[in-house]
Asker: 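The structure is given below, and queries will be raised subsequently.
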Amino acid sequence: MILQVWGFYGILAALKGLKKNIAKERIENLLNTVNLKEEANKKLSAYSGGMKQRILIAQALLNDPKILILDEPTAGLDPKERIRIRNFIATIALDKIVIIATHVVPDVEFIAKEIILLKEGKLLLQDKPGNILEIMKDKVFEVSVGKDEVYDIQKKYKVSNISSEKDGVCVRFVADKKPKGLDSRNVKPTLDDVYLYMFDDEN
């Protein structure tokens with residue numbers, strides 16, 4: 001059986017108990033929303049991973065729910081499709097409550113109005129992104145060192161990024177206070193830093 005988007009949405013609309021005339025209108029609106037109206041007659045297997053993800057997210061809107069729960073909506077997508085999905089979710093969230101469960105931290109930083117951090121089923125933190133980042137003030141540092149010094153920093157601190165520089169290596173790390181003996185500088189925190197601080201138990 002070769003299933004096209006129209007047929008896929010039609011089956012799901014029937015399962016959700018939508019009347020045919022309402023289903024047709026909703027499907028047309030959804031195809032416009034995901035920008036796939038011109039390709040609606042293609043079989044599902046012909047779509048890219050990002051397109052399939054848009055189709056799957058949109059089908060959840062068929063019965064116009066007030067709350068939408070999405071699990072890892074951008075996992076496995078290339079950067080361009082991640083941006084499309086992120087913008088799509090942000091558009092949906094204008095008039096609905098959208099709950100996202102994800103490990104892709106930058107996506108949350110761009111679109112979330114409130115963040116809940118859970119660890120092993122326990123609530124660690126719940127607040128607006130800006131307030132959470134404020135918690136990390138004076139806990140994120142960068143230091144320029146030689147290549148032979150990187151390993152020692154990794155052993156002592158939670159390192160979030162290592163990048164090459166003209167004269168050495170720039171290491172970004174989180175710590176409760178400014179380290180002694182390192183010519184480090186405070187930098188603006190990101191949610192990646194928060195995630196590393198809260199969830200990395202290796203150090």
Asker: How many angstroms lie between NZ in Lys178 and CZ in Arg185, if you round to the nearest 0.5 Å?
Answerer: 9.5 Å
Asker: Following the transitive rule for hydrophobic clusters with a side-chain heavy-atom cut-off under 4.5 Å over Ile, Leu, Val, Met, Phe, Trp and Tyr, establish whether Tyr195 and Ile115 coincide in one cluster.
Answerer: yes
Asker: What is the minimum heavy-atom distance between Leu44 and Lys52, and which atoms define it?
Answerer: O-CE, 3.3 Å
Asker: Supply the atom-to-atom distance Ile100 CD1 to Arg86 CZ, rounded to the nearest 0.5 angstrom.
Answerer: 10.5 Å
Asker: Using every non-hydrogen atom in the two residues, find where Ala58 and Leu30 come nearest and quote the distance to one decimal.
Answerer: O-CD1, 3.3 Å
Asker: State which residues pass ring-ring contact (aromatic ring centres under 6.0 Å, His included) with Tyr47; sequence neighbours excluded, sorted by chain then number.
Answerer: none
Asker: Identify whether Ile69 and Ile111 are in the same connected component of the hydrophobic contact network (ILVMFWY, side-chain heavy atoms under 4.5 Å).
Answerer: no
Asker: Can Val108 be reached from Phe199 by stepping across I, L, V, M, F, W or Y side chains whose heavy atoms are under 4.5 Å apart?
Answerer: yes
Asker: Under 3.5 Å, side chain of Glu149 to main-chain N/O of Gly146, donor-acceptor pair present?
Answerer: yes
Asker: With a cutoff of under 4.5 Å between side-chain heavy atoms, which Ile, Leu, Val, Met, Phe, Trp and Tyr residues group with Tyr151?
Answerer: none
Asker: Counting only N and O atoms by type, is there a donor-acceptor contact under 3.5 Å from the side chain of Glu28 to the main-chain atoms of Glu25?
Answerer: no
Asker: Taking only residues two or more places apart in sequence or in another chain, which ones pass side chain to side chain contact (heavy atoms under 4.5 Å, CB included) with Asp176?
Answerer: Lys139, Tyr197
Asker: Just how far is it from atom CD1 of Ile27 to atom CG of Asn29, taken to the nearest 0.5 Å?
Answerer: 10.0 Å
Asker: My understanding is that only residues two or more places apart in sequence, or in another chain, count here; which of them pass side-chain hydrogen bond (donor to acceptor under 3.5 Å, both in side chains) with Glu114?
Answerer: Gln126
Asker: Hey, any chance Ile57 and Val104 share a hydrophobic cluster, counting ILVMFWY side chains that come within less than 4.5 Å of each other, even indirectly?
Answerer: no
Asker: Quick one: list whatever passes side chain to side chain contact (heavy atoms under 4.5 Å, CB included) with Lys147, sequence neighbours left out.
Answerer: Val169
Asker: Counting only heavy atoms not in Asp183, do more than 12 fall under 6.0 Å of its CG?
Answerer: no
Asker: Please table the atom pairs, donor to acceptor, closer than 3.5 Å between any side-chain atom in residues 87-99 and protein atoms at least two apart or in another chain.
Answerer:
{"residue": "Asn87", "atom": "ND2", "partner": "Ile83", "partner atom": "O", "Å": "3.4"}
{"residue": "Thr91", "atom": "OG1", "partner": "Asn87", "partner atom": "O", "Å": "2.9"}
{"residue": "Lys96", "atom": "NZ", "partner": "Asp64", "partner atom": "OD1", "Å": "2.5"}
{"residue": "Lys96", "atom": "NZ", "partner": "Pro65", "partner atom": "O", "Å": "2.9"}

Asker: Among pairs that include at least one residue of residues 111-146, which meet ring-ring contact (aromatic ring centres under 6.0 Å, His included), considering only residues two or more places apart or in two chains?
Answerer: Phe141-Phe173
Asker: Are Val194 and Ile116 linked, directly or through intermediate hydrophobic residues, by side-chain heavy-atom contacts shorter than 4.5 Å (ILVMFWY only)?
Answerer: no
Asker: Supply the atom-to-atom distance Met136 CE to Leu133 CG, rounded to the nearest 0.5 angstrom.
Answerer: 9.0 Å
Asker: Taking all heavy atoms of Ala60 and all of Leu68, pick out the closest pair and write down the distance.
Answerer: CB-CD1, 3.4 Å
Asker: Could you pull out all residues at least two apart from Lys42 that satisfy side-chain hydrogen bond (donor to acceptor under 3.5 Å, both in side chains)?
Answerer: Glu39
Asker: In Å, rounded to the nearest 0.5 Å, how long is the span from CD of Glu72 to NE2 of His103?
Answerer: 6.0 Å
Asker: For residues 6-21, please give each side-chain donor-acceptor pair under 3.5 Å, one per line with the distance, not counting sequence neighbours.
Answerer:
{"residue": "Tyr9", "atom": "OH", "partner": "Ile55", "partner atom": "O", "Å": "2.9"}

Asker: Got Val140 and Lys188 here, is their nearest side-chain heavy-atom distance under 4.5 Å?
Answerer: no
Asker: Any chance you could measure Ile135, atom CD1, to Asp127, atom CG, to the nearest 0.5 Å?
Answerer: 6.5 Å
Asker: Before giving the answer on side chain to side chain contact (heavy atoms under 4.5 Å, CB included), spell out for Leu182 and Tyr157 the whole-Å C-alpha distance, their side-chain angles and the decisive distance to 0.1 Å.
Answerer: CA-CA 12 Å; Leu182 276 180; Tyr157 306 104; 4.1 Å; yes
Asker: Can you list the residues that meet the side-chain hydrogen bond (donor to acceptor under 3.5 Å, both in side chains) rule with Arg54, with sequence neighbours excluded?
Answerer: none
Asker: Glu165 side chain to Ser144 main-chain N or O, any donor-acceptor pair under 3.5 Å?
Answerer: no
Asker: Taking only residues two or more places apart in sequence, or in another chain, which ones meet Asp78 in a side chain to side chain contact (heavy atoms under 4.5 Å, CB included)?
Answerer: Lys80, Glu81
Asker: Can Ser184 and Glu142 be counted as having a side-chain donor-acceptor contact under 3.5 angstrom?
Answerer: no
Asker: Could you pull out all residues at least two apart from Thr190 that satisfy side chain to side chain contact (heavy atoms under 4.5 Å, CB included)?
Answerer: Glu109, Arg172, Asp192, Asp193
